[in-house]
Amino acid sequence: MAFWRKKWCREVLAVFLSVCILLQSVEVDTRPANMSSSKDKTPAEKDENEILPPDHLNGLKMEMDGHLNKDFHQEVFLGKDMEEFDEDTEPRRNRKKLIEIFTKVDVNKDRSVSAKELQEWIMEKTKEHFQEAMKENKNSFRAVDPDGDGYVTWDEYKVKFLSSKGFDEKEITDKMKKKEDLKLDDETQEVLESLKDRWVQADNPPPDQQLDEEEFLSFLHPEHSKGMLKYMVKEIVRDLDQDNDFKLTLSEFISLPVGTVENQQAQDIDDDWVKERKNEFEKVIDSNHDGIVTMKELEEYMDPMNEHNALNEAKQMIAVADENQNRQLELEEILRYSEYFTGSKLMDYARNVHEEF
């Protein structure tokens, strides 16, 4: 089945994490959601590790493996500030930072955030993720373009990729020149084949068997390219589409394996995962509510610059914390639900908000 042929996005990459530091680290105990997080890596590590496309796509609600990005609402609310909100950070500092963000989102200064204001903020933070990826891509491109000619051939990339896996770069280069067998294990070979498919897709017409810096950005970050976005959607649909009709039903969308249930806590995680995917399918992705998600609907959903999606996300975020049901967010509500917006608990400090605001 295609699902198992393409499972490298989810499983094979996880195996390789021990030998190749990726852009993000794996969160083993959050099985149902995306398997990586950008908060645990320094900027230097990010630059070094962009050789392999990450499975975690900042600013997208669905990952390349078809999982929902559980940190999406934090990414599009905090942007680059996400790394500053750590569980070990001094709560007063986090509270002050959150107040600063609130004042920026509250454009009309009426001390409440509307869905429209939050939508505009989400779009701004999404663009920020794009700019960050482009900056990192420059460093990554230089790393895989040893002769500095502005182009990277598949062989150049392949050498750098394998050396990042622990293979001897000189030995690999010599063998490739002599067209000798590289004696790769099955898993590494499978990853390379999948990457080659993606490489070909990123090679804009007319294809010349090499990527320039812009094409390399599409290879690493398909969310930056409409063409690559379509390719990524095809891959996701192929993995989930059980009857091969190029459409997704609700049952197909929630059929990804979420792991073996070993106890009640794991069962609750699985149930929450299914509930979240069902809600997203019915209320957001299936835009005409006919019970079927087409590839076009999924493309629109996956497009990070889709303003309608940003508005939907804003409304969902407001619904989580809108205790007084006025369809807006006050600062007290955001502070009270700080863990949802930032991953950091600030409840003990919310009572002092009026002293600083």
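Owing to the predicted nature of the structure, the values given are computational and were not obtained by experimental measurement.
Salt bridge status for Lys170 with Asp174: present, with a side-chain N to carboxylate O gap under 4.0 Å. For Lys160 and Glu156, the salt-bridge test fails: no basic side-chain N is under 4.0 Å from an acidic carboxylate O. For the pair Lys70 and Glu276, the salt-bridge criterion is not met [side-chain N within less than 4.0 Å of a carboxylate O]. A salt bridge links Lys175 to Glu171: at least one charged side-chain nitrogen sits closer than 4.0 Å to a carboxylate oxygen. Salt bridge Arg336/Glu332: absent, no basic N to carboxylate O contact under 4.0 Å. For the pair Arg238 and Glu235, the salt-bridge criterion is met [side-chain N within less than 4.0 Å of a carboxylate O].
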Does the salt bridge (Lys or Arg N to Asp or Glu O under 4.0 Å) test come out yes or no for Glu252 and Lys247, once each step is laid out?
CA-CA 9 Å; Glu252 288 172 330; Lys247 301 174 184 176; over 6 Å; no
Salt bridge (Lys or Arg N to Asp or Glu O under 4.0 Å) assessment of Glu282 paired with Lys278
CA-CA 6 Å; Glu282 294 177 336; Lys278 184 175 184 291; 3.1 Å; yes
Kindly determine whether Leu182 and Met176 satisfy side chain to side chain contact (heavy atoms under 4.5 Å, CB included), including the steps that lead there.
CA-CA 8 Å; Leu182 299 180; Met176 286 175 62; 4.0 Å; yes
Are Phe102 and Val113 close enough, and set up right, to give a side chain to side chain contact (heavy atoms under 4.5 Å, CB included), and what steps lead you there?
CA-CA 8 Å; Phe102 179 88; Val113 169; 3.5 Å; yes
Run Asp81 and Lys97 through salt bridge (Lys or Arg N to Asp or Glu O under 4.0 Å) and show every step you take.
CA-CA 9 Å; Asp81 291 328; Lys97 187 69 180 174; 3.7 Å; yes
Please step through side chain to side chain contact (heavy atoms under 4.5 Å, CB included) for the pair Lys177 and Thr173, ending with a clear verdict.
CA-CA 6 Å; Lys177 283 181 179 178; Thr173 302; 3.9 Å; yes
CA sep, side-chain torsions, deciding dist, call: Thr103, Leu331, side chain to side chain contact (heavy atoms under 4.5 Å, CB included)
CA-CA 9 Å; Thr103 58; Leu331 180 56; over 6 Å; no
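Sorted by first and then second residue, the pairs that involve residues 275-297 and meet ring pair (Phe, Tyr, Trp, His ring centres under 6.0 Å), not counting sequence neighbours, are Phe253-Phe281. Evaluation of the ring pair (Phe, Tyr, Trp, His ring centres under 6.0 Å) test over residues 165-212, restricted to residues two or more places apart or in two chains, returns Trp154-Trp199, Tyr157-Trp199, Trp199-Phe219. Pairs engaging residues 292-328 under the ring pair (Phe, Tyr, Trp, His ring centres under 6.0 Å) rule: none recorded [sequence neighbours left out]. Each ring pair (Phe, Tyr, Trp, His ring centres under 6.0 Å) pair with one or both residues in residues 316-336, not counting sequence neighbours, would appear here, but there are none. Note on residues 215-226: pairs passing salt bridge (Lys or Arg N to Asp or Glu O under 4.0 Å), not counting sequence neighbours, are Lys226-Asp303.
Side chains of Glu213 and Tyr151: a donor-acceptor N/O pair is absent below 3.5 angstrom, by distance only. The closest side-chain donor-acceptor pair between Glu300 and Ser287, if any, does not fall under 3.5 angstrom. Remark: the Asp322 side chain and the Gln328 side chain contain no N/O donor-acceptor pair separated by less than 3.5 Å. No side-chain donor-acceptor contact under 3.5 Å links Gln209 and Asp203. With 3.5 Å as the limit, one finds no donor-acceptor pair spanning the side chains of Ser140 and Asn137.
Rounding to the nearest 0.5 Å gives a distance of 5.0 Å between CG of Asp155 and OG1 of Thr153. Distance check: Gln119 CD to Lys116 NZ gives 4.5 Å after rounding to the nearest 0.5 Å. Separating the CG atom in Leu195 from the CD atom in Glu190 is a distance of 11.0 Å, to the nearest 0.5 Å. His224 contributes atom NE2, which lies 10.0 Å from atom NE2 of His129 (distance to the nearest 0.5 angstrom). Here Asp212 contributes atom CG and Asp149 contributes atom CG; the two are 11.0 Å apart, rounded to the nearest 0.5 Å. Put simply, CZ on Phe246 and CG on Asp241 are 7.0 Å apart, with the number rounded to the nearest 0.5 Å.
With sequence neighbours excluded, no residue satisfies salt bridge (charged side-chain N to carboxylate O under 4.0 Å, His left out) with Glu214.
A distance below 6.0 Å separates the ring centres of His73 and Tyr340.
Both tests pass for Lys125 against the ring of Trp121: distance under 6.0 Å to the centre and angle within 45° of the axis.
The 12-atom threshold is exceeded at CD of Glu180, counting heavy atoms of other residues, nucleotides or ligands nearer than 6.0 Å. Other residues, nucleotides and ligands contribute over 12 non-hydrogen atoms within 6.0 Å of the NZ atom of Lys109.
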